[in-house]
Amino acid sequence: MERSAIMTQLRENMSRAYAPYSKFHVGSVIKSTDGQYYNGCNVENAAYPLGICAESGAIAAMVQNGSREIAEIYIMGDGDALVTPCGGCRQKIREFANAKTQIHICGPEGLRKTFTTEDLLPFSFGPDNLNNDEPKSILE
Ligand code: THU
């Protein structure tokens with residue numbers, strides 16, 4: 001998918017956010033290493049802590065479809081500040097990424113800044129710290 005098409009999809013995902021409490025709409029797109037695209041938006045809840053972030057939704061969609069490696073992830077939100085993923089989402093992204101995986105932070109106008117997983121979560125704890133025999137891809 002071209003960058004401009006990904007931006008259009010991100011705007012669409014933002015528009016689908018359920019964010020009646022924060023009124024802060026976030027959209028996410030993941031491209032997996034097997035070339036698939038997955039979408040997410042934030043879904044809040046009247047019991048506030050139960051809300052889920054856009055990135056989290058896209059990761060869940062990816063795993064459900066059988067992909068387990070993030071090639072790159074896009075996040076789009078409003079406002080002047082960079083909508084960088086929260087601490088919890090950095091860890092969730094890290095589970096399915098490597099140190100150099102790109103995390104693209106976008107505003108409605110387009111790409112603002114690109115980080116790597118390692119930039120946002122240095123010295124992280126991950127699957128390699130555990131004896132984890134589960135294959136990264138279930139499609140092989
Ligand atoms: N949010 C995301 O979905 N992703 C981010 O990267 C930052 C924050 C959501 C969570 C909550 O629904 C709203 O934005 C305000 O924090």
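Counting convention: from 1, in listed order, for ligands and their atoms alike. Computed from a predicted structure; not experimentally measured.
- Residue Cys89 places every heavy atom at 4.0 Å or more from ligand 1.
- Below 4.0 Å from some heavy atom of Thr84 lie the following atoms of ligand 1, by number and element: 6 (O).
- Once rounded to the nearest 0.5 Å, the distance linking CD of Gln9 with OH of Tyr37 reads 10.5 Å.
- Distance CE/Met7 to CE/Met76: 5.5 Å, rounded to 0.5 Å.
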Under 3.5 Å, side-chain donor or acceptor atoms of residues 98-106 against the rest of the protein: list the pairs with distances, not counting sequence neighbours.
unit_1: Asn98; atom_1: OD1; unit_2: Lys100; atom_2: N; d: 2.8
unit_1: Asn98; atom_1: OD1; unit_2: Thr101; atom_2: N; d: 3.1
unit_1: Asn98; atom_1: OD1; unit_2: Thr101; atom_2: OG1; d: 3.2
unit_1: Lys100; atom_1: NZ; unit_2: Glu118; atom_2: OE1; d: 2.6
unit_1: Thr101; atom_1: OG1; unit_2: Asn98; atom_2: N; d: 2.8
unit_1: Thr101; atom_1: OG1; unit_2: Asn98; atom_2: O; d: 3.1
unit_1: His104; atom_1: ND1; unit_2: Thr114; atom_2: OG1; d: 2.8
unit_1: His104; atom_1: NE2; unit_2: Glu72; atom_2: OE1; d: 2.7

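- Per-atom contact check: atom 1 (N) of ligand 1 touches the protein, criterion being a heavy-atom distance below 4.0 Å.
- At least one N or O atom of Ala54 sits closer than 3.5 Å to an N or O atom of ligand 1.
- When hydrogens are left out, the protein atom nearest atom 11 (C) of ligand 1 is Glu44 OE2, 3.3 Å; that is the closest non-hydrogen contact.
- Using a 4.5 Å heavy-atom cutoff, the side chains of Glu69 and Asp34 are not in contact.
- In terms of heavy-atom proximity, Phe24 sits nearest to Ala19 at O-CB, 3.6 Å.
- To the nearest 0.5 Å, atoms CD1 (Ile75) and OG1 (Thr84) are separated by 8.0 Å.
- Scanning for side-chain contact (heavy atoms from CB on, under 4.5 Å) contacts around Thr8 gives Arg11, with sequence neighbours left out.
- Judged by the shortest distance from any of its heavy atoms, Val43 lies outside the 4.0 Å radius around the atoms of ligand 1.
- Protein heavy atom in closest approach to atom 7 (C) of ligand 1: Val83 CG1, 4.1 Å.
- Of all heavy-atom pairs between Lys31 and Gly35, the closest is CE-CA, 4.4 Å.
- Below 4.0 Å from some heavy atom of Val26 lie the following atoms of ligand 1, by number and element: 1 (N), 2 (C), 3 (O), 4 (N), 9 (C), 14 (O).
- Taking a cut-off of under 4.0 Å to the non-hydrogen atoms of Glu55, the atoms of ligand 1 that pass are 2 (C), 3 (O), 4 (N), 5 (C), 6 (O).
- Applying the 4.0 Å criterion to heavy atoms of Ser22 picks out, from ligand 1, the atoms 13 (C), 15 (C).
- The heavy atom nearest to atom 14 (O) of ligand 1, out of those in Ile52, Asn45, Ile103, Asn42, is found in Asn42.
- Taking atom 10 (C) of ligand 1 as the reference point, the nearest protein heavy-atom neighbour is Cys53 SG, 4.0 Å.
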